[in-house]
Number of protein chains: 2
Amino acid sequence: MGKERYTIRDIAAMANVSRGTVDRVIHNRGTVSEDAAKKVKEVLEKINYEPNLIARSLKAHKDSVIAVVIPEYSEDYYWRQCAYGIRTSEKEFRQFGISLEYFQYSKTQEDYNKKFSEAIDFNPDAVLIAPVYYQDSLELFHRLEKKNIPFNLINTPIEDVSYRTFIGQDYRKSGRVAAQLMNTLVRNEKKILVIHVEQYFENSTHLQEKEQGFKDYLQDKNISQDIEVLTFRDAKELTDLKAILPETAGIFMTTSKTHLVAEHIGDNEDIKVIGYDLIPKNVQYMKEGKINILIHQNPISQGYDGISMLVEHLIYKREVPKVKLLPLDIVISENVDCYL
Amino acid sequence: MGKERYTIRDIAAMANVSRGTVDRVIHNRGTVSEDAAKKVKEVLEKINYEPNLIARSLKAHKDSVIAVVIPEYSEDYYWRQCAYGIRTSEKEFRQFGISLEYFQYSKTQEDYNKKFSEAIDFNPDAVLIAPVYYQDSLELFHRLEKKNIPFNLINTPIEDVSYRTFIGQDYRKSGRVAAQLMNTLVRNEKKILVIHVEQYFENSTHLQEKEQGFKDYLQDKNISQDIEVLTFRDAKELTDLKAILPETAGIFMTTSKTHLVAEHIGDNEDIKVIGYDLIPKNVQYMKEGKINILIHQNPISQGYDGISMLVEHLIYKREVPKVKLLPLDIVISENVDCYL
DNA sequence: AAATCAATTGTTCTCGTGCACAATTTGTTT
DNA sequence: AAACAAATTGTGCACGAGAACAATTGATTT
């Protein structure tokens, strides 16, 4: 049975060579005679050797530092959740010699640039980034590449960049899910609004993806439903909504600002609302019945996986996938508790 | 800052004692003078010492065996998924000296008894059980208790037994979720069927819980909907359904046998179906539109967590919660792929 | 004061891997 | 064959915790 755990010592004994030789064969470094190499390889093959990662990582204290570039999170529930995931992972890996250095940016383009730059100049061993501003990011990523620093992206995917892994949702699919749900909720001739609330909408490809997915679904299913897309730069602009609410059956909000819509809908209107993220205001409105469905974007997992997949690469040098897609969790008032 | 990683050596130096004494204080074993104990404790307090688990587990090869008592899974997709989670976890912990011994039972009461007994006589260090038959289980659990063998339950909760941790869903809530979803799907005067398909229904408290949750929700929300509960011992009995389908608006299936219902519904009937588990047949019917919603019971996580929480206890002696509730994932055809 | 025992403290080895260095063998040149 | 370099192989130590064992101190008895 291949059930036992063999050590390098065992292998050395079986192949009649020294521990050093086995080590050299495994890591193919140094010089080994053909004869010895063959014997060792045969044994390795036979017993299906798997190194003891515990012993290995006990030795391998390289003390790496990971820079974390995310939005300022003290005032923001969503990013605070994400930071919580990051910190959980930090705790777990501290004993592996991993430490984190946070670079939080306030939500302006300049500050994003500044903090990201600082992170690069800090010369970390790896970087975790929540990239919000597409254009600015490209140049910054390029600097990381030149320095040969591996980096992971969370929340917002950016194509054509040599990141290690993107952790987040398939936004196209996310939009499709929203559309299917909306279709079960709404069955009349009034129209459906797709609303974006984002200052830098042009840079936010993921919002555009959600919209596209939403439309794709309706088209695929031959559902002829009136759709109107609205893009607001600022929360205040939502007052414009009032006029069209009477002829609206449902609203799909592409961001976590879903609660804004709920606020603008009067108590008496029967408008179905689908949006994103379990931030307290959203959850509150959901429990009051003003938001029907929220799609959970798993900020905690994003943070946790973002770090741990970087560590997998730094310490264990494990292969990591290019994309780690998180589930598209559908949340209603009755199951919201188990995602909080 | 308490950011550094201190070793027992560091602590010994700081407290001006030997490494042995520090070790004795930490594990409070052996004899230590009050004076020395106080000094060491002060240092421990100050630096917030956390032992290096890697080094610890390198040494602590106790080679534990965990017995796994689950249904025969070669022919059963759900339990195969669960076994997959168990095996993933087995792989991960093999290097910690953990090995598993499987005791699969065919789905009869006698065989459950027999295999479970064998597992106990095997004298494992811990046991993971998917208990199906309530009555028989009590006696068997008692035998484990007497032998002082810790055990975890998955899938089916059994109260008043001193298991370590139950891993599974909150079935009451699960029923509530189904009810809320059904209520969005169905809005007419026809009735809703709650269907159980289970040979040993009396022993299956979790199915009864689902039913109760379903009813609770409707009552809480003052929804006056006709409900009829049907219990089938065998798949064949479902032919009886035919007669009542015309006056049925929706069906809530409490087991993974949801596909049976889909099979019995003709193509033309517009009956909404909510059921459990992403087994291939169910997924197939969902894609065809014959099943509307499936609630995912996370068999993989159940298996994985079931083992890993046992290991946490065996190796690290960490505190583990009495109940680990898995999320109540709502699955529709558009997001089914991300749960497979 | 020497002997004995208990209480306390200090030392050393182990776990499995990785790496640096030491030791050995082999081949080549004079 | 001696001298030397190159190729190959063997050995020792470090990582941090745990546990067995050895050593020291203090107290008690004869």
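In what follows, chains carry the letters A, B, and so on, assigned in the order in which the sequence lines appear, proteins first and then strands, with residues in each chain numbered from 1.
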Matching residue for A:Asp23 among A:Arg56, A:Arg9, A:Arg29 - test: salt bridge (charged side-chain N to carboxylate O under 4.0 Å, His left out) = A:Arg29

Mind calculating the distance between CD1 (A:Ile11) and C1' (C:dG18) to the nearest angstrom?
-> 14 Å

Determine yes or no for a side-chain-to-main-chain donor-acceptor pair under 3.5 angstrom, with B:Gln302 supplying the side chain and B:Asn155 the backbone.
-> yes

Counting only pairs under 3.5 Å, give me each side-chain donor-acceptor contact of residues 116-129 of chain B, with atom names and distances, residues two or more places apart or in other chains.
from	atom 1	to	atom 2	distance (Å)
B:Ser117	OG	B:Asn113	O	3.1
B:Ser117	OG	B:Arg143	NH1	3.2
B:Asp121	OD1	B:Arg143	NH2	3.2
B:Asn123	OD1	B:Lys147	NZ	2.8
B:Asp125	OD2	B:Val65	N	2.7

Under 4.0 Å: is that the gap between some side-chain N or O of A:Ser18 and OP1 or OP2 of D:dT9?
-> no

Interatomic distance where CD belongs to A:Glu34 and P belongs to D:dA7 [whole Å] = 14 Å

Any chance you could list the contact pattern along nucleotides 17-23 of chain D? Use B for base contacts, S for sugar-phosphate-only contacts and - for none, protein heavy atoms under 4.0 Å, 5' to 3'.
-> SBS----

Mind checking salt bridge (Lys or Arg N to Asp or Glu O under 4.0 Å) for B:Glu139 and listing every partner two or more places apart, or none if nothing turns up?
-> none

Have a look at A:Thr21 and say if it touches a base, only the backbone sugar-phosphate, or nothing, with a 4.0 Å heavy-atom cut-off.
-> sugar-phosphate

Under 30°, 30 to 60°, or over 60°: which ring-plane class applies to B:His296 and B:Tyr339, parallel, tilted or perpendicular?
-> tilted

Rounded distance (Å) that lies between atom C1' of D:dA14 and atom CG of B:Leu58 | 12 Å

Verify, without hydrogens or angle tests, whether A:Thr165 (side chain) and A:Pro321 (backbone) share a donor-acceptor contact under 3.5 angstrom.
-> yes

Which nucleotide, D:dT9, C:dT11, C:dT8, lies nearest any side-chain atom of B:Ser33?
-> C:dT8

